[in-house]
Amino acid sequence: MEFLMSIEGVKGYVLFQEEGPTVLSKGGNVSSNFSDLTLFWVPAAAVVRDTLDLGRIETIGLSGTKKRVVLIYHKDNLVGCEIGENVNLSQILPRLQEVLKRSS
């Protein structure tokens, strides 16, 4: 997953097992509590998915005034990326998905 760091705007990443709290790898600079917060959003997203009948969730994007976070389901894992504060999520998301697809 270190190749994610070659994408302009990616500050760091964490690769998790989709169904559990196990961190498989990480790189770059991510907040110290990034893993905990990401694991909070997984069950929260499941509630939204089930309530709205969305089907399988592919991505979750969170954008604040200080940080941006993208969570992408990839194979049987979840990739969480911390994105620079000046990066537009709608522009970087297709690049992240393409790079992950090529890595398959």
Side-chain angles (χ1 to χ4, degrees):
M1 290 289 141
E2 191 64 31
F3 55 84
L4 292 170
M5 297 306 303
S6 67
I7 299 173
E8 186 176 343
V10 174
K11 295 171 69 173
Y13 72 90
V14 179
L15 176 65
F16 302 93
Q17 284 182 331
E18 181 178 357
E19 296 300 324
T22 303
V23 173
L24 301 175
S25 68
K26 63 194 306 189
N29 296 314
V30 292
S31 302
S32 59
N33 58 357
F34 184 79
S35 297
D36 295 337
L37 292 173
T38 299
L39 294 173
F40 164 80
W41 282 106
V42 172
V47 171
V48 173
R49 175 200 64 213
D50 295 345
T51 302
L52 299 177
D53 193 25
L54 296 176
R56 187 174 193 278
I57 294 176
E58 296 176 353
T59 61
I60 302 168
L62 303 168
S63 182
T65 56
K66 295 183 180 179
K67 293 186 181 181
R68 286 156 179 65
V69 174
V70 175
L71 306 174
I72 302 172
Y73 289 87
H74 176 64
K75 299 181 182 179
D76 293 328
N77 300 315
L78 178 66
V79 180
C81 293
E82 193 167 316
I83 308 300
E85 57 275 356
N86 296 320
V87 178
N88 185 314
L89 286 181
S90 63
Q91 292 177 344
I92 198 167
L93 185 57
R95 287 187 278 168
L96 289 166
Q97 290 171 318
E98 179 60 31
V99 168
L100 287 168
K101 185 178 178 181
R102 285 195 311 238
S103 74
S104 299

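- Atom-to-atom distance recorded for T22:OG1 and Q17:CD is 4.0 Å, nearest 0.5 angstrom.
- With rounding to the nearest 0.5 angstrom, the CG atom of L4 is 9.0 Å from the CG atom of L15.
- Taken to the nearest 0.5 Å, the CD1 atom of I83 stands 9.0 Å off from the CG atom of L93.
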Check the pair I92, V10 against side-chain contact (heavy atoms from CB on, under 4.5 Å), reporting the backbone distance first and the verdict last. CA-CA 9 Å; I92 198 167; V10 174; 4.0 Å; yes
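- Contact between L96 and C81 at its shortest, heavy atoms only, is CD2-SG, 4.1 Å.
- By the side chain to side chain donor-acceptor pair (under 3.5 Å) test, R56 is found to be paired with E18, residues two or more places apart in sequence or in another chain being considered.
- Legend: side-chain hydrogen bond (donor to acceptor under 3.5 Å, both in side chains) pairs involving residues 81-94, not counting sequence neighbours, sorted by first then second residue: S31-E82, N88-S90.
- Shown here is E58, whose CD atom has no more than 12 heavy atoms of other residues, nucleotides or ligands within 6.0 Å.
- Between the side chain of R68 and the backbone N or O of V87, at least one donor-acceptor pair lies under 3.5 Å.
- For K26, the NZ atom is loosely surrounded, since the number of other residues' heavy atoms within 6.0 Å does not exceed 12.
- A distance of 6.5 Å separates CG of L62 from CG of L71, quoted to the nearest 0.5 Å.
- Taking every heavy atom of both residues into account, V69 and F34 meet most closely at CG1-CE1, 3.7 Å.
- Contact between I57 and A45 at its shortest, heavy atoms only, is CD1-O, 3.2 Å.
- Within 6.0 Å of atom CD in E8, 12 or fewer heavy atoms from other residues, nucleotides or ligands are found, so the atom counts as exposed in its surroundings.
- Distance check: M5 CE to N29 CG gives 7.0 Å after rounding to the nearest 0.5 Å.
- Residues V79 and M1 approach most closely at CG2-SD, 4.1 Å, considering heavy atoms.
- Atom CG of L24 is separated from atom CG of D76 by 10.5 Å, given to the nearest 0.5 angstrom.
- Criterion: ILVMFWY side-chain heavy atoms under 4.5 Å apart, direct or through other members. Under it, V14 and Y73 are part of a common hydrophobic cluster.
- Taking all atoms of both residues into account, the shortest heavy-atom contact from V30 to Y13 is CG1-N, 3.5 Å.
- Nearest heavy atom pair, residue L100 against residue H74, reads O-CE1, 3.1 Å.
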